[in-house]
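Contents: one structure, followed by commentary.
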Amino acid sequence: MPCTKGIKTKPCEKCQKLLDQDYIGVIGFDPEQSNVKDGQVDLYELHRIGLIYIKKEALNQIMPTAVPTPQGFILVDKEVFEKLTELAESAQEKEEKEDA
């Protein structure tokens with residue numbers, strides 16, 4: 001299970017280091033298996049599917065209206081999470097090729 005301690009309280013040490021480096025934690029969840037009412041997600045009944053970190057600047061280009069929690073996280077549904085994961089992996093591969 002991904003580390004999502006910080007969505008409700010204070011981030012763990014590892015997550016805090018990434019947040020301090022200007023990353024945003026993107027938590028993917030499955031709305032069909034979560035308690036969602038009127039577009040609001042119950043964080044205590046959230047079925048998490050993953051966690052990735054994306055640089056704030058990159059996330060603002062992809063999702064300019066995304067507003068992270070005060071702890072530095074956003075929630076996205078399964079479909080959006082899968083697309084963001086693909087983009088992040090593609091960007092990382094490109095960066096690794098440029099460094100080689």
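Everything numeric here is computed off the predicted structure, so don't read it as measured data.
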Donor-acceptor pairs are to be reported for all side-chain atoms of residues 25-35 against protein atoms at under 3.5 Å, with residues two or more places apart or in another chain.
from	atom 1	to	atom 2	distance (Å)
D30	OD1	E32	N	2.9
D30	OD2	Q33	NE2	3.4
Q33	OE1	H47	ND1	3.4
Q33	OE1	H47	NE2	3.1
S34	OG	D30	O	2.8
S34	OG	H47	N	2.8
N35	ND2	E45	OE1	3.4

message: Strictly distance-based, threshold 3.5 Å: is any side-chain N or O of D42 a donor or acceptor partner for the main-chain N or O of Y44?
response: yes
task: Measure the CG-CD distance between D22 and E57 for me, rounded to the nearest 0.5 Å.
output: 8.5 Å
Contacts table for residues 74-84: side-chain donor-acceptor under 3.5 angstrom, sequence neighbours left out:
from	atom 1	to	atom 2	distance (Å)
D77	OD1	E79	N	3.2
D77	OD1	V80	N	3.0

- prompt: Which distance, rounded to the nearest 0.5 Å, do you find between the CG of L59 and the CD1 of I24?
  reply: 6.5 Å
Name every donor-acceptor pair, under 3.5 Å, that has one atom in a side chain of residues 12-19 and the other anywhere in the protein, sequence neighbours excluded.
from	atom 1	to	atom 2	distance (Å)
Q16	NE2	D20	OD1	2.8

task: Measure the shortest side-chain to side-chain distance between F73 and L51 over non-hydrogen atoms and say whether it is less than 4.5 angstrom.
output: yes
